Amino acid sequence: MKRRDFIKRSILLSAGLSAAYCGTKGGEKIKIVILGFDGANWPTIDPLIKEGKLPFLKKFRAESAWANFETIKPTKSNVVWSCIASGKTMLKHGILDFAYLKRNGIKIPYTKSDRREPMIWQILDDYNKRSAVFNWWCSHPPDKIKGVMASDHMRRIAASRPEKHPNFANAVFPEAYFEKFKELALTNNDYLQAVQKTGLPDFDGLFKKLYPGSDIRKAPVIKSYKSFVRHDAYIEAISRYFLENKEFDFFATYFRFPDVIQHFITLFLDKEYKENLKKHLIGRTLTPEMNDEAILKIAHLMEPVYRYMEKILKEFIEIERKKNKNTYFFIMSDHGFSLFHGGYNHYGLPKSMKAPDGFLLINGPKIRPGQIKKAGVYDIAPTILNLFDLPVGKNMDGRVISEIFQFQRKKRYKTYKLGKMNENKRDKNYDEETLKDLKSLGYID
Ligand SMILES: [Zn+2]
């Protein structure tokens with residue numbers, strides 16, 4: 001190589017490097033935090049923002065890039081969250097449904113051993129990035145990454161008796177964290193305390209008051225509300241502990257309460273109004289105005305629920321911002337909800353209806369605020385890899401949402417394979433509990 005060419009190339013190289021770092025201040029390393037809230041959606045959040053009920057969220061959105069987050073059909077949470085973490089379609093990542101039948105007729109849930117593509121934390125692990133992942137769908141047993149992982153089995157410790165706690169040791173990796181996570185289960189295992197701490201309504205008590213003749217044990221979804229609340233209060237506690245005390249490059253945690261609660265929220269509409277709405281839904285005579293009115297009423301019932309979401313957002317963002325100025329926050333859900341003849345739901349919709357959008361907020365240094373025209377569940381993994389200045393997966397189905405960057409990032413591509421990263425061990429106990437869980441939500445028979 002001629003000397004002049006060498007210098008030219010060196011200049012280009014260093015220009016590339018500085019371009020890669022101009023999204024950061026003072027040379028601090030980039031960190032990424034994902035906060036997932038299943039089922040949260042703008043149509044039920046917007047009215048509350050307008051009424052001044054969610055002041056932090058209002059301010060945070062004004063400072064963020066945000067979108068109506070496009071999702072896929074079938075709009076099943078485990079399928080969609082796997083799309084988000086892999087950047088790939090379900091046919092590629094392998095999580096196709098909630099459960100399947102084995103040849104002998106036994107139902108088993110789709111889980112980690114069915115994954116065929118690496119999840120983002122596995123890709124980052126190859127680049128020696130330290131990830132902390134809590135409660136992600138289909139993540140049990142946890143991946144043996146360099147960081148820490150508590151699988152979606154771990155939360156159940158909060159609704160289990162202390163003598164059962166040792167059974168959850170295999171839901172954390174590395175196991176050294178188990179002692180601390182077990183300790184946090186003891187302070188998050190009381191329903192009424194959890195209700196008080198989170199600010200979530202005592203829907204269990206409210207149901208019993210409103211429907212004195214009904215047996216709550218036979219009422220879909222709400223029958224398990226007491227467990228759901230403890231689960232999410234617990235996930236908040238272990239996530240917060242980690243955020244406050246430990247180091248990471250990539251952090252992701254997932255909460256289920258906005259979805260679970262919306263699955264039964266219409267029970268709390270005024271009785272007469274509800275009967276009338278039901279009539280119009282079944283008769284398919286609901287007008288757009290009636291739809292908007294019903295969504296507004298649902299939004300008002302959801303106010304304490306979104307206040308809890310806002311509290312987590314505010315506190316987690318503050319904790320992290322104090323530690324690092326260069327953290328990028330990705331806040332999202334996997335879908336919203338729609339009113340149709342089947343009720344208020346996110347799946348089972350008629351073919352003519354689009355899967356209901358979720359919500360998305362991206363916030364961090366030099367992120368251009370404002371609405372993103374088009375963003376969907378496949379775009380998160382590519383955007384995160386590009387932010388870390390790492391190659392995007394060649395066969396990922398999304399794109400880097402680069403129009404929100406007020407800096408240059410070169411795009412590179414690489415094929416990532418699952419290879420030896422996945423473990424195929426199944427945990428019978430986890431499978432059974434997951435089936436019970438899916439049944440209580442009405443997701444499987
Ligand atoms: Zn969901």
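Order of listing sets the numbers, starting from 1, for every ligand and every atom in it. The figures that follow rest on heavy atoms only: side chains count, while hydrogens, waters and symmetry mates do not. Predicted model only: the values in this text are computed from it and were never measured.
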Taking 2.8 Å as the cut-off, does Thr75 contribute an N, O or S atom near the Zn ion (ligand 1), distance below it? no
Using the ring of each side chain (for Trp, its six-membered ring), is Tyr416 parallel, tilted or perpendicular to Tyr127, with breaks at 30° and 60°? perpendicular
Enter the distance from Lys223:NZ to Phe264:CZ here, rounded to the nearest 0.5 Å. 13.0 Å
Kindly state whether the ring of Phe251 and the ring of Phe134 have centres lying under 6.0 angstrom apart. yes
What angle, in degrees and rounded to 10°, do you get at the Zn ion (ligand 1) when you join it to OG of Ser77 and to NE2 of His335? 120°
Does the plane of the ring in His153 sit parallel, tilted or perpendicular to the ring in Phe168? Use 30° and 60° as the thresholds. tilted
Heteroatom N/O/S of Asp38 within less than 2.8 Å of the Zn ion (ligand 1): yes
Would you list the pairs meeting ring-ring contact (aromatic ring centres under 6.0 Å, His included) in which at least one residue belongs to residues 39-62, sequence neighbours left out? Trp42-Trp66, Trp42-Phe359, Phe56-Phe60
2.8 Å cut-off met by an N, O or S atom of His346 to the Zn ion (ligand 1): no
Restricting to N/O/S, name the atom of Asp334 that gets closest to the Zn ion (ligand 1). OD2
